[in-house]
A.B. asks: 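Below: one structure in structure tokens.
Sequence lines set the chain letters: A, B, ... in the order given, protein chains first and strands last, and positions in each chain run from 1. Fair warning: this is a prediction, and the values are worked out from it, not measured in the lab.
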Amino acid sequence: MEVQERILDTAFSLFRQYGTRSITMDDIATRMGISKKTLYAHFVDKDDMVVHAIRRYLEIIQEEERTIISKADNAIEELFEIMNMMDEKLRNMNPVIMLDLQKFHSRAFLVFQEYRNSSLRTTIRTNLERGIREGLYRKDLDVNILTQFRIASAMVCFQPEVFPMEGYDMGKVQRVLLEHFLYGVSSAEGFRLIEKYRQQQLSLNK
DNA sequence: TACCGC
DNA sequence: AGCGGT
């Protein structure tokens, strides 16, 4: 792996736990056993590093989503796989990171908004359309409204007032909300499939 | 690693 | 004071 990528992965693993504000460039350099000079050889400043760290994280998620979507047999299997993937991606994530981006790293915040408004929206909408086509979701769904709702629901885990880090794991929150959404959009046939995948999950975790 | 300056 | 930046 390239040095930049290793720096970004180290930085992001710290940012996701503590937010960007409380992590210093010294922390990152120390953690990697390199000097700050090396950090500044690869990134113009901290803000630039935050932008790249967020971008990389989102690109990895999108890449994994593409793979899942192309492999999944149907919309429900797709959602289950995305749920497992996001569980890991959001585990131990501190919701303050979003406030830090909003307040101190507006460029990185824009990168996230761009992801939310294009990639995430498309993934959600396409999954709904797929499920309806496959007869696994109800035919009378309002795809527009439900897409908007699902985006909002995915964002609620970043509100520390609603889900403070003490007591709630972001990955778990996302999983529970997504599963709840899935039950809400499913047809009778979809419902049976959900039960089947849930059984499979249970036997896998043993 | 020491140091500056915001 | 402590942290970004040199």
Side-chain angles (χ1 to χ4, degrees), chain A residues 1-68 82-124 150-178:
Chain A
M1 202 188 290
E2 297 289 327
V3 199
Q4 293 102 313
E5 294 174 331
R6 294 199 299 107
I7 293 172
L8 293 177
D9 289 348
T10 306
F12 191 77
S13 79
L14 292 170
F15 292 155
R16 64 174 290 156
Q17 274 182 280
Y18 306 104
T20 62
R21 207 45 184 155
S22 64
I23 295 300
T24 67
M25 295 299 268
D26 279 303
D27 290 332
I28 296 163
T30 305
R31 170 66 71 95
M32 295 200 69
I34 63 178
S35 74
K36 274 201 288 180
K37 178 139 183 152
T38 309
L39 296 183
Y40 287 102
H42 293 282
F43 304 99
V44 310
D45 54 24
K46 185 180 179 181
D47 188 60
D48 185 48
M49 199 169 94
V50 172
V51 170
H52 282 90
I54 297 295
R55 185 171 288 150
R56 174 168 165 79
Y57 173 72
L58 295 176
E59 273 167 7
I60 289 171
I61 288 178
Q62 292 175 67
E63 174 75 39
E64 295 191 20
E65 276 176 348
R66 275 195 293 276
T67 309
I68 288 170
I82 285 181
M83 204 151 54
N84 287 336
M85 187 266 289
M86 289 310 289
D87 200 330
E88 170 222 325
K89 298 291 174 204
L90 295 175
R91 193 171 304 150
N92 292 326
M93 178 104 100
N94 187 331
V96 301
I97 191 168
M98 201 55 70
L99 294 172
D100 282 356
L101 298 191
Q102 218 169 134
K103 281 188 274 191
F104 305 108
H105 304 285
S106 56
R107 284 174 57 224
F109 188 63
L110 283 175
V111 168
F112 181 81
Q113 284 186 309
E114 168 67 21
Y115 161 78
R116 190 192 60 196
N117 295 335
S118 58
S119 175
L120 180 61
R121 166 169 289 122
T122 304
T123 304
I124 290 171
R150 176 65 202 131
I151 293 170
S153 158
M155 292 306 121
V156 81
C157 65
F158 290 108
Q159 295 189 22
E161 326 84 83
V162 184
F163 295 113
M165 216 192 169
E166 321 73 67
Y168 296 101
D169 178 76
M170 198 185 286
K172 177 77 184 299
V173 169
Q174 204 63 263
R175 165 181 288 277
V176 171
L177 297 183
L178 187 48

A.B. asks: May I ask you to say whether A/Arg91 pairs ionically with A/Glu88, meaning some side-chain N is under 4.0 Å from a carboxylate O?
C.D. replies: no
A.B. asks: What parts of residues 2-11 of chain A reach DNA chain C, counting only heavy atoms under 4.0 Å away?
C.D. replies: none
A.B. asks: Please state whether the rings of A/His52 and A/Phe43 are parallel, tilted or perpendicular, taking 30° and 60° as the class boundaries.
C.D. replies: tilted
A.B. asks: Each nucleotide N or O in nucleotides 2-6 of chain C that has a protein N or O under 3.5 Å away: list the pair and distance.
C.D. replies:
residue : atom : partner : partner atom : Å
C/dG4   : OP1  : A/Lys46 : NZ           : 2.9
C/dG4   : OP2  : A/Met25 : N            : 2.9
C/dG5   : OP2  : A/Tyr40 : OH           : 3.0
C/dG5   : OP2  : A/Lys46 : N            : 2.7
C/dG5   : N7   : A/Lys36 : NZ           : 2.6
C/dG5   : O6   : A/Lys36 : NZ           : 2.7

A.B. asks: Does A/Glu59 have any side-chain contact (heavy atoms from CB on, under 4.5 Å) partners at least two apart in sequence or in another chain, and if so, which?
C.D. replies: A/Arg55
A.B. asks: Checking A/Thr122 now: which residues fulfil side-chain contact (heavy atoms from CB on, under 4.5 Å) with it, not counting sequence neighbours?
C.D. replies: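 In terms of side-chain contact (heavy atoms from CB on, under 4.5 Å), with neighbours along the sequence ignored, A/Thr122 is linked to A/Thr126.
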A.B. asks: Listed by chain and number, what are the side chain to side chain donor-acceptor pair (under 3.5 Å) partners of A/Arg175, not counting sequence neighbours?
C.D. replies: A/Asn84, A/Asp87
A.B. asks: Under the 3.5 angstrom rule, does the side chain of A/Ser118 hit a backbone N or O of A/Glu114 as a donor-acceptor pair?
C.D. replies: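 Yes; at least one donor-acceptor contact below 3.5 Å.
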A.B. asks: Report the residues that fulfil ring pair (Phe, Tyr, Trp, His ring centres under 6.0 Å) with A/Tyr168, sequence neighbours left out, ordered by chain and then residue number.
C.D. replies: A/Phe163
